[in-house]
S.K.: 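One structure follows; several queries about it will come next.
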Amino acid sequence: MIETILQLAANGIMSGAVLAVAAIGFTMMFAVLRFPNFSLAGHMAGGAYAGWIANTMFGLPLPLALLCGFLVAGGIGVASDFIVLRPLRRAAPITLAIASVAISLFIENALRFGFGNDLRSFDLPLARDWVIGWLRLGPQQVQNAGLAIVAMLILFVIFTFTQTGRAMRATADNAGLAAVKGIDTEKITRLVSFLGMGLAGAAGVLLGADTSIEPLLGLKVILSVFAAAVLGGLGSIPGAVLGAFAIGIVEEASQIVVPATYKGAVGFVAILLVLSFRPSGFLGRRQT
Amino acid sequence: MVLIVRDLVAGYGAADEILKGVSLSVGAGEIVSIIGPNGAGKSTCLKVIAGLLAPRRGSVTFKGHEIAGLPARRTAALGLAYVAQENNVFPSLSIQENLAIGGYLNPSTRRRRSDEIMGQFPLLRERRRDAARALSGGQRQTLAVAMALMSEPALLVLDEPSAGLSPVAAETLFETIVAIKAAGVSVLMIEQNALDALAISDRAYILVLGQNRQDGPAADLANDPEIRTIFLGG
């Protein structure tokens with residue numbers, strides 16, 4: 001039993017690392033734009049297809065395919081923000097959330113129109129699992145988790161040590177005050193859309209590299225991403241990372257008691273519990 | 001004059017006119033106060049000057065530039081620093097990071113200025129790594145003023161700087177404002193403690209219902225029996 005639990009925990013940490021990349025994107029956009037941007041699902045799929053093309057058609061290795069997924073999804077994110085969301089900036093959050101669902105549907109159906117519904121796989125070398133004591137670890141999963149952690153570290157450096165990162169955090173704290181200090185908050189919004197959707201695209205590539213890709217790839221995990229962000233506290237980046245690892249581990253551990261097909265229900269339960277007992281999440285912002 | 005405001009008309013809604021033709025000016029190195037009862041439009045006037053609210057009519061000239069209707073970041077770039085009454089620091093950023101954002105528009109002088117400001121306010125140096133949310137009300141207000149000074153402004157605009165502060169903290173803040181003036185920065189402020197504000201001001205304007213009621217040297221207004229009775233609580 002203990003072996004099973006440890007194995008599921010290890011699997012959960014690895015899937016949580018990938019989930020964290022998307023959850024950071026989701027929560028950082030929420031912090032600045034003040035609405036849940038569900039178009040993250042479509043951007044995940046868009047990024048996954050961009051990475052897949054880079055990998056299978058141009059023969060690029062996974063890290064470069066990941067970069068392609070990041071850049072393409074980020075670019076789509078800026079375009080969708082400019083065309084659809086910017087004119088609605090002063091609308092209520094629910095209006096923006098609904099518009100974001102429409103963007104996601106548009107991207108998913110554009111992908112379906114271009115590539116069909118078939119499952120597609122990355123061109124990656126097959127490798128035996130690594131066996132460490134009781135644990136069996138897939139080399140691809142480990143590489144994905146490693147790339148996810150590198151992406152998070154790069155983001156940490158940007159947010160903590162650069163003036164642009166500080167400006168993004170300042171805008172998330174108080175956009176009006178940020179403008180008074182001379183920050184171009186509209187430019188910061190575009191940058192956050194680029195980074196947030198870019199991270200979603202990168203997460204899409206990592207998910208695709210682990211299994212396969214299809215137009216609904218993002219839709220299938222958006223609930224877990226949303227749950228991770230809510231669990232950690234919407235708007236908190238460390239919270240999103242913590243929430244993603246928690247969701248990843250609990251989703252895997254749930255397989256001890258329920259069939260794997262019900263894994264997705266963990267997100268629902270997590271959101272329900274958080275909203276019932278701690279609406280601000282683990283590290284949610286307190287109004288001061 | 002550093003700032004000249006002429007016949008300013010402004011409000012928040014289509015039918016809502018808070019300012020009904022306000023005029024004022026601030027000279028170089030002056031402290032100018034705006035006083036008046038609640039609803040006089042004092043805060044609205046400062047928001048228009050800072051670029052947070054577009055006026056319907058009138059002009060705001062700052063260092064020779066017409067700034068009425070310019071967004072806040074553009075007025076900040078011209079050297080006008082506005083400190084709001086509340087929510088005037090970034091709570092999740094450290095004190096050091098708040099100062100860095102205060103100097104956002106001046107990257108070449110940011111480090112030097114940050115060292116100077118921390119020398120001027122030792123408390124900020126001691127607690128530079130603490131999140132701003134951990135500061136007391138008075139300390140936050142000091143940080144907000146320090147952030148404004150990071151940009152080496154020509155005009156500091158303060159909206160009720162002593163609101164919510166203890167008498168000791170308020171006194172310290174007024175001393176800081178006097179020191180800012182001595183450094184050559186002009187100050188325009190509104191203040192609930194009108195007598196304290198007049199005590200450190202060169203001139204003052206009294207607004208009532210969005211219009212100029214009276215203006216003159218601060219000492220004269222502070223000693224005017226009618227003004228004292230109506231606006232300064234006797």
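Note on naming: letters A, B, ... go to the chains in the order of the sequence lines (proteins, then strands), and numbering restarts at 1 for each one.
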S.K.: Between B/Glu191 and B/Ser162, is any side-chain donor less than 3.5 angstrom from a side-chain acceptor?
M.R.: yes

S.K.: Considering only heavy atoms, which portion of B/Val89 lies under 4.5 Å from any heavy atom of chain A: side chain, backbone, both, or neither?
M.R.: backbone

S.K.: Contact part of B/Leu52 toward chain A, heavy-atom cut-off under 4.5 Å: side chain, backbone, both or neither?
M.R.: side chain

S.K.: Between A/Glu186 and A/Arg89, is the closest basic N to carboxylate O distance under 4.0 Å?
M.R.: yes

S.K.: Check whether B/Arg74 gets within reach of chain A through its side chain, its backbone, both or neither, counting any heavy atom under 4.5 Å.
M.R.: neither

S.K.: Is B/Arg73 salt-bridged to A/Asp184, going by a charged N under 4.0 Å from an acidic O?
M.R.: yes

S.K.: Does any backbone or side-chain atom of B/Ala100 lie under 4.5 Å from a heavy atom of chain A? Answer side chain, backbone, both or neither.
M.R.: both

S.K.: Tell me, side chain or backbone of B/Met147 under 4.5 Å from chain A's heavy atoms, or both, or neither?
M.R.: both

S.K.: Any donor-acceptor pair under 3.5 Å linking the side-chain atoms of B/Ser151 with those of B/Tyr104?
M.R.: no

S.K.: May I ask you to check whether A/Phe30 and A/Phe35 place their ring centres under 6.0 Å from each other?
M.R.: no

S.K.: Side chain from CB out, backbone as N, CA, C, O: work out which of these in B/Ala148 comes under 4.5 Å of a heavy atom of chain A, or both, or neither.
M.R.: both

